[in-house]
*Asks:* 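My questions all concern the structure below.
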Amino acid sequence: MKREEVVVSPQQLARQREIMQEIRTHLQETLDHAPLACVDTFGCQQNVADSEHIMGMLREMGFAFTEDPHQADVVILNTCAVREHAEQRVYGNLGALTHTKKANPRQIICLCGCMAQQKQVADKVRASYRHVDLVFGPHALWRFPELLQKVYHQHGRVFSIDDSHGSIAEGLPIVREGGAKAWVSVMYGCNNFCTYCIVPYVRGRERSRDKACIVADVKSLIAEGYKEITLLGQNVNSYGKDLPEACDFADLLDELARLDGDFLLRFMTSHPKDASHKLLDTMARHEKIARHLHLPFQSGSTRILQAMNRGYSREEYLALVDYARTVMPDIVLTSDVIVGFPGETKEAFEETLSLVQQVRFDALFTFIYSPRPGTPAAKLPDPVPRAEKQQWFDALLQVQNANSAQKHAAYVGTVQRVLVDGKSGDSRWPLSARTAGGRLVHLVGDEASIGRFKTAKITDSNTWALFGELTE
Ligand code: SAH
Ligand code: SF4
Ligand code: F3S
């Protein structure tokens, strides 16, 4: 893929900006109230970041926002396709929107995101969800104004699920929703084709943003007072491979961590096959990079890892963890794991269990394998019954919960630097905060601290969180 084919031209983006103004005028002329939009986001941080751009575009068109779909002139579901359960939730929500549309026939309902990039989903929506007006995949995100205008003018349904490899659109409007936290995509797409995973099919090939654009974004976020900046990519360690300049993710991180200001950098996700010693050394060198590594291992069995096309063995994963802990003894390690991949036997599952016991992750995201149509693993024989997979899953969770509780208990009595990021909803510990390692802390303190780095004394803990009080 040539870079010119990937980067959306300034002329094309200028045309979208014109359309946003045309829609704004159209709405002023045709509605008797200020337009309202409801944006519902499913899935990973990448989708959250995309929704912030959708909201940015909607705001340019004159929309304000509501969480109530009954009140909205435009409802957007930004969807995730990673597991069947995620898709079922979306179909459930879509079904419920027949009522809001009945009450307000002029309401426009849009389905976008990763589900919408799949042909079979578009076909199903076309046939069975006739109240949906607009369907577009992640590749068409930057053309949202043009697509919405089509819906307004053509009085028919619009489906845009081109099979391009994806694009990079710089300078899209944005509404940031994360308080003192901001997301910055550094790359899009994935080339890894893990055999269970739908992401490469719906997000297209890997493409990196120009370093200068990323640095400029991060600088302006720091200037605006954002305290935590998370760099996003399905596999951040692939950053730069497609760029003309020689720059890898560690170089990018190093440059960003040298910027002036009081901020913390995070990133996700790191693929173990590409997480280099250089990356870990860079993290170790900079205080402004969070001492947290999310390093999904997926399985503790080398045979299953091979069947997953992960590109590393159990031993290589363990060696990487050892290196990370050697250069950063205080590193917080989190991971993802899949239970019940096709061909996983009880013995193979026990290797996963033993890896979890050996590494002792601070937190673990556990998933039962979900076949995704179109992926190679979906065609493999999968003889283990669901009930047995559930038992394995429960056993794994039990081990992890004990680990998390023990890890958290070790914080009690310590003093931690935390970013206070909002209210907890619990009257005893009204504030919610995160340590540099990303551990959740519920705090006693007043709301004036929200959005600031503070020090907190940890007084209690459980499996899921730490509890404490501000010390200043
Ligand atoms: N790019 C990231 C993760 C993307 S999806 C990475 O490579 O780590 C997030 C997690 O969902 C994955 O790490 C995996 O554990 C899980 N996952 C992906 N596809 C799945 C499937 N078909 N069934 C169950 N879990 C899945
Ligand atoms: Fe999916 Fe693997 Fe790519 Fe992650 S690295 S998005 S799990 S294909
Ligand atoms: Fe889901 Fe798409 Fe993210 S499939 S996990 S929203 S990249």
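Keep in mind that the numbers below use all heavy atoms, side chains included, and drop hydrogens, waters and symmetry copies. For this chain, numbers begin at 1 and follow the sequence in order.
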*Asks:* Taking salt bridge (Lys or Arg N to Asp or Glu O under 4.0 Å) as the definition, give me every residue that meets it alongside Lys119, ordered by chain and number, with sequence neighbours left out.
*Replies:* Asp123
*Asks:* Using only atom types and a distance under 3.5 Å, with no angle test, would you say the side chain of Glu206 pairs donor to acceptor with the backbone of Asn191?
*Replies:* yes
*Asks:* Please determine whether a side-chain nitrogen of the Lys or Arg among Asp254 and Lys278 lies less than 4.0 Å from a carboxylate oxygen of the Asp or Glu.
*Replies:*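 Judged by the 4.0 Å cut-off on N to carboxylate O distance, Asp254 and Lys278 do not form a salt bridge.
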*Asks:* Enumerate the side chain to side chain donor-acceptor pair (under 3.5 Å) contacts for residues 126-138, please, sequence neighbours excluded, ordered by first and then second residue.
*Replies:* Lys101-Asp133
*Asks:* Just by modelled atom types, is the Ala448 backbone N or O under 3.5 Å from a matching donor or acceptor in the Asp446 side chain?
*Replies:* yes
*Asks:* Is a salt bridge present between Arg285 and Asp281, judged by a nitrogen-to-oxygen distance below 4.0 Å?
*Replies:*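 Here Arg285 does not pair with Asp281 in a salt bridge, since their nearest N and O are not under 4.0 Å apart.
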*Asks:* Check whether any side-chain N or O of Gln118 sits under 3.5 Å from a backbone N or O of Val202 as a donor-acceptor pair, and report yes or no.
*Replies:*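 Not at all, since once roles are kept as given, no pair shorter than 3.5 Å links the two residues.
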*Asks:* Relative to the ring of His26, is the ring of Tyr152 parallel (under 30°), tilted (30 to 60°) or perpendicular (over 60°)?
*Replies:*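 Correct class here is tilted.
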*Asks:* With sequence neighbours excluded, tell me which residues meet salt bridge (Lys or Arg N to Asp or Glu O under 4.0 Å) with Arg266.
*Replies:*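 Listed in chain order: Glu228.
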*Asks:* Can you pull out every ring-ring contact (aromatic ring centres under 6.0 Å, His included) where at least one residue sits in residues 182-223? Sequence neighbours excluded, please.
*Replies:*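 Every ring-ring contact (aromatic ring centres under 6.0 Å, His included) pair that includes a residue of residues 182-223, provided the two are not neighbours, is Phe193-Tyr201.
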*Asks:* Are Arg372 and Glu87 close enough, and set up right, to give a salt bridge (Lys or Arg N to Asp or Glu O under 4.0 Å), and what steps lead you there?
*Replies:* CA-CA 11 Å; Arg372 303 285 67 215; Glu87 296 201 345; 3.2 Å; yes
*Asks:* Got Lys124 and Tyr91 here, is their nearest side-chain heavy-atom distance under 4.5 Å?
*Replies:*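 Lys124 vs Tyr91: side chains touch.
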*Asks:* Is it true that a side-chain atom of His408 and a backbone atom of Asn462 form a donor plus acceptor pair closer than 3.5 Å?
*Replies:* yes
*Asks:* Give me the atom names and distance for the closest heavy-atom approach of Gln107 to Pro69.
*Replies:* NE2-O, 2.8 Å
*Asks:* Within 45 degrees of the ring normal and closer than 6.0 Å to the centroid, is that where the cationic atom of Arg83 sits relative to Phe367?
*Replies:* yes
*Asks:* Is a donor on one side and an acceptor on the other found under 3.5 Å between the side chain of Thr375 and the backbone of Pro371?
*Replies:*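 A pair under 3.5 Å: no.
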*Asks:* For a quick test of reading the model, state the closest non-hydrogen atom pair linking Ala456 to Val418 and the distance between them.
*Replies:*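 Shortest heavy-atom contact: CB-CG2, 4.2 Å.
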*Asks:* State whether the side chain of Glu52 and the backbone N or O of Ala182 hold a donor-acceptor pair below 3.5 Å, judged by distance alone.
*Replies:* no
*Asks:* Please tell me if the side chains of Cys80 and Cys114 come closer than 4.5 Å, counting only heavy atoms from C-beta onward.
*Replies:* no
*Asks:* For Asp251 and Ala246, work out which heavy atoms get closest and say how close.
*Replies:* OD2-O, 4.4 Å
*Asks:* By the ring-ring contact (aromatic ring centres under 6.0 Å, His included) test, which pairs, at least two apart or in different chains, include something from residues 220-251?
*Replies:*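 For residues 220-251, and leaving out neighbouring residues, the ring-ring contact (aromatic ring centres under 6.0 Å, His included) pairs sorted by first residue read Phe249-Phe267.
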*Asks:* Could you tell me whether the side chain of Val184 reaches within less than 4.5 Å of the side chain of Arg209, counting heavy atoms only?
*Replies:*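 The answer is yes, as the side chains (C-beta and beyond) meet within the 4.5 Å cut-off.
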*Asks:* Classify the angle between the aromatic ring planes of Phe467 and Trp429 as parallel (below 30°), tilted (30 to 60°) or perpendicular (above 60°).
*Replies:*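 Tilted.
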*Asks:* Go through the structure and list residues passing salt bridge (Lys or Arg N to Asp or Glu O under 4.0 Å) with Glu255, not counting sequence neighbours.
*Replies:*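 Partners of Glu255 by the salt bridge (Lys or Arg N to Asp or Glu O under 4.0 Å) criterion, ordered by chain and then number, come out as Lys211.
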*Asks:* Does the side chain of Leu440 reach to within under 4.5 Å of the side chain of Arg434, using non-hydrogen atoms?
*Replies:*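 Yes. Closest side-chain heavy atoms under 4.5 Å.
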*Asks:* Would you confirm whether Asp73, through its side chain, and Leu36, through its main-chain N or O, come within 3.5 Å as a donor-acceptor pair?
*Replies:*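 Side chain of Asp73 to backbone of Leu36: a pair is present.
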*Asks:* Counting N and O atoms only, with roles assigned by atom type, does the side chain of Glu447 sit under 3.5 Å from a partner on the main chain of Lys423, one being a donor and the other an acceptor?
*Replies:*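 No: the side chain of Glu447 does not pair with the backbone of Lys423.
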*Asks:* Rounded to the nearest 0.5 Å, how far does CG of Asn78 lie from CG of Asn47?
*Replies:*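 Reported to 0.5 Å precision, the distance equals 4.0 Å.
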*Asks:* List the steps and the verdict of ring-ring contact (aromatic ring centres under 6.0 Å, His included) for Phe365 and His294.
*Replies:* CA-CA 10 Å; Phe365 299 89; His294 183 61; 5.8 Å; yes
*Asks:* Is there a donor-acceptor contact under 3.5 Å linking the side chains of Asp421 and Ser432?
*Replies:* yes
*Asks:* If only atom types and distance count, is the side chain of Arg157 paired as donor or acceptor with the main-chain N or O of Val132 below 3.5 Å?
*Replies:* yes
*Asks:* Between Arg17 and Glu60, does any side-chain N to carboxylate O distance fall below 4.0 Å?
*Replies:* no
*Asks:* Report yes if some heavy atom in the side chain of His271 is under 4.5 Å from a heavy atom in the side chain of Thr269; otherwise report no.
*Replies:* no
